[in-house]
Amino acid sequence: MAPLLMVLLIRGRIHPEAKNPVNRLLIALYMPVVRGVLRFKKITVALAVVALILTFPAFVRLGSEFMPPLNEGMIYYMPTTLPGISITQAGRLLQMQDRILKSFPEVQWVFGKAGRAETSTDPAPFSMGETTVMLKPESQWRKGMTWDKLVAEMDNALRLPGVANAWTMPIKNRIDMLSTGIRTPVGVKIFGPDLGKIEQIGKHLEMVLQTVPGTRTVYAERVTAGYYLDFELKREEIARYGLAVGDVQMVIESAIGGESISTTVEGRERYPISVRYARELRDDVDRLKRVLIPTMMNGAQVPLGQLAEVRLTAGPSMIRDEDAQLSGYVFVDMTGRDIGSYVEEAKKKVAEQVQIPAGYTLTWSGQYEYMQRAKERLIYVVPLTLLIIFVLLYMNFQSVAKSLIVLLSVPFSMVGAVWFLYFLGYNLSVAVWVGIIALAGVAAETGVVMI
């Protein structure tokens with residue numbers, strides 16, 4: 001756009017560039033370099049080619065990820081425990097975790113949540129917690145403390161039995177969960193017809209992935225580890241006391257499950273009022289068997305244990321269905337490595353040590369899934385873009401040689417960018433590729449102006 005705007009907007013008398021003292025200084029510095037390059041043409045070309053060749057190993061060693069870290073000044077801690085945890089125990093666990101996190105001097109405040117919010121778009125069980133840790137300004141941190149070191153210290157302090165930790169950032173986590181359903185940087189989706197087999201494969205993956213360098217925590221969903229209380233009614237006994245099945249079911253529903261009798265209005269909020277037995281009368285199977293059922297026989301009451309078989313059973317706590325198949329997730333939290341190299345190594349170990357039965361498939365998801373999609377598109381987009389640029393250059397210069405000279409400046413301009421990424425420890429991501437493409441555009445524009 002700059003050359004076009006120069007032609008359209010610059011009017012009047014144009015002074016020679018040598019009259020500007022700044023230009024004279026730049027020309028004095030630039031002209032000896034130009035004369036030296038033109039004098040030693042072959043050496044210059046050879047040095048440029050050598051620089052390009054030496055840059056290739058550095059480019060290959062660059063890590064890859066879909067999205068760079070979005071440091072928002074806070075940490076998002078997502079602990080996961082086994083299914084079946086009670087509301088009371090989940091609250092105690094959150095309080096314990098919040099106290100530990102607040103003890104760090106870099107933390108300003110902590111807010112934890114367990115279970116789902118009042119929305120159908122957040123089907124989170126009590127076994128999955130979400131804790132927002134607001135950090136103080138970095139000027140108030142301990143000397144030498146970094147984000148990675150702080151997360152590592154928090155992770156060591158929160159190594160609680162039965163709890164798998166995951167550390168991320170709020171916006172980054174929401175993007176991951178909305179796009180793939182995986183709340184960690186890397187995840188594995190297991191598809192198949194049987195939930196029990198899916199859970200078995202997930203547990204095996206959990207053991208194998210723990211051995212991959214860079215793994216912080218791995219958690220495979222226990223898709224069949226939910227607990228349910230079953231009441232198997234004894235119809236003969238119910239009939240003997242002159243009761244109907246519905247009478248027994250009504251007592252079970254109202255006394256144990258709770259019956260909504262009214263609604264309280266608190267400003268703009270409304271809460272249902274439910275009536276049921278006190279917790280100490282229904283928190284144990286033996287106590288439930290002693291719940292009394294009124295009969296029509298002179299006001300007599302019969303214990304529930306005589307009318308129904310009460311027992312705890314295991315079953316799916318949550319059933320996932322994706323692409324018309326049952327599925328289970330394995331969440332992998334990693335640190336100290338880029339996503340691309342980590343997944344490639346993890347794939348090799350899984351292929352060597354995990355036997356996948358017929359009818360079951362694995363899909364690597366999380367950021368890796370979208371990183372692969374972006375890479376596949378870039379394979380087609382970049383060559384097509386270069387072809388379009390070449391056609392436009394040829395239409396302008398009417399010369400293949402001049403068009404190629406401009407295009408040849410693009411790879412040489414990327415030498416510095418690659419080495420900067422290498423020394424600063426940055427990974428290749430969509431954001432980095434946008435910057436590289438912009439740099440290539442500036443190099444091509446400069447080549448056009450120079451010609």
Side-chain angles (χ1 to χ4, degrees), residues 60-66 78-83 127-128 151-152 155-156 158-168 176-177 180-226 314 316-323 325-373 375-376 427:
V60 173
R61 293 180 183 178
L62 292 177
S64 57
E65 58 188 359
F66 175 68
M78 301 189 71
T80 305
T81 186
L82 296 177
S127 58
M128 186 183 81
V151 170
D155 187 67
N156 290 330
L158 288 168
R159 290 283 180 176
L160 304 176
V163 179
N165 299 331
W167 304 88
T168 180
D176 291 343
M177 292 192 69
T180 64
I182 301 295
R183 58 179 178 268
T184 49
V186 178
V188 185
K189 295 181 179 180
I190 310 167
F191 298 97
D194 181 64
L195 289 176
K197 194 65 178 178
I198 289 175
E199 181 175 331
Q200 182 181 346
I201 296 172
K203 290 179 179 178
H204 196 179
L205 286 173
E206 186 178 83
M207 292 187 295
V208 172
L209 293 176
Q210 284 283 7
T211 63
V212 180
T215 302
R216 184 152 48 196
T217 55
V218 184
Y219 175 76
E221 286 184 327
R222 270 52 174 181
V223 293
T224 62
S317 58
M318 180 187 299
I319 299 178
R320 296 185 184 274
D321 187 312
E322 191 171 336
D323 293 334
Q325 296 185 82
L326 297 176
S327 63
Y329 292 173
V330 179
F331 302 100
V332 184
D333 190 23
M334 46 165 290
T335 183
R337 294 187 63 177
D338 65 287
I339 293 176
S341 64
Y342 177 88
V343 174
E344 292 304 319
E345 184 173 350
K347 279 184 175 181
K348 293 179 181 178
K349 287 205 171 187
V350 169
E352 295 171 357
Q353 303 180 30
V354 181
Q355 185 70 30
I356 306 299
Y360 294 83
T361 57
L362 301 182
T363 300
W364 293 84
S365 188
Q367 286 192 41
Y368 179 78
E369 179 180 346
Y370 274 79
M371 185 183 74
Q372 291 299 105
R373 292 184 185 180
K375 187 180 295 185
E376 290 173 0
N427 296 321

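Along the sequence shown, residues are numbered consecutively beginning with 1. Computation of the quantities below employed the complete heavy-atom set of this structure, encompassing side-chain atoms and omitting hydrogens, waters and symmetry-equivalent molecules.
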Original post:
Can you name the side chain to side chain contact (heavy atoms under 4.5 Å, CB included) partners of Pro161, sequence neighbours left out?
Top reply: none
Using distance only, find each side-chain donor-acceptor pair of residues 325-334 under 3.5 Å and give its atom names and separation, not counting sequence neighbours.
{"residue": "Tyr329", "atom": "OH", "partner": "Glu322", "partner atom": "OE1", "Å": "2.7"}
{"residue": "Asp333", "atom": "OD2", "partner": "Trp167", "partner atom": "N", "Å": "3.1"}
{"residue": "Asp333", "atom": "OD2", "partner": "Arg216", "partner atom": "NE", "Å": "3.1"}
{"residue": "Asp333", "atom": "OD2", "partner": "Arg216", "partner atom": "NH2", "Å": "3.4"}

**OP:** Return the set of residues passing salt bridge (Lys or Arg N to Asp or Glu O under 4.0 Å) with Arg159 (not counting sequence neighbours), or none when no residue passes.
**Re:** Asp155
Original post:
salt bridge (Lys or Arg N to Asp or Glu O under 4.0 Å) with Asp338: which residues, sequence neighbours excluded?
Top reply: none
Give me the atom names and distance for the closest heavy-atom approach of [X] to [Y].
X      : Y      : value
Trp364 : Glu369 : O-CB, 3.9 Å
Ala220 : Gly202 : CB-O, 3.2 Å
Ile182 : Gly187 : CG2-CA, 3.8 Å
Thr215 : Leu209 : OG1-O, 2.9 Å
Gly359 : Pro193 : O-CD, 3.7 Å
Val212 : Lys349 : CG2-CD, 3.9 Å

Side chains of [X] and [Y], heavy atoms from C-beta outward: is any pair under 4.5 Å?
X      : Y      : answer
Ile356 : Val354 : yes
Val188 : Thr363 : no
Lys189 : Arg320 : no

Original post:
Checking side chain to side chain contact (heavy atoms under 4.5 Å, CB included) for the pair Thr168/Thr184: CA distance, chi angles, key distance, verdict?
Top reply: CA-CA 7 Å; Thr168 180; Thr184 49; over 6 Å; no
Subject >> Of all pairs that satisfy salt bridge (charged side-chain N to carboxylate O under 4.0 Å, His left out), the ones with a partner from residues 190-199, not counting sequence neighbours >> reply: Glu199-Lys203
**OP:** Please report the C-alpha distance between Asn427 and Leu62 in whole Å, then the side-chain angles of each, then the deciding distance to 0.1 Å, and finally whether the side chain to side chain contact (heavy atoms under 4.5 Å, CB included) criterion is met.
**Re:** CA-CA 6 Å; Asn427 296 321; Leu62 292 177; over 6 Å; no
Subject >> Partners meeting side chain to side chain donor-acceptor pair (under 3.5 Å) with Glu344 (sequence neighbours left out) >> reply: Tyr368
**OP:** Working to the nearest 0.5 Å, report the span between CD1 of Ile198 and OH of Tyr360.
**Re:** 6.5 Å
Original post:
Rounded to the nearest 0.5 Å, how far apart are CE of Met78 and CG of Asn165?
Top reply: 11.5 Å
Original post:
Between Glu352 and Lys348, is the closest basic N to carboxylate O distance under 4.0 Å?
Top reply: no
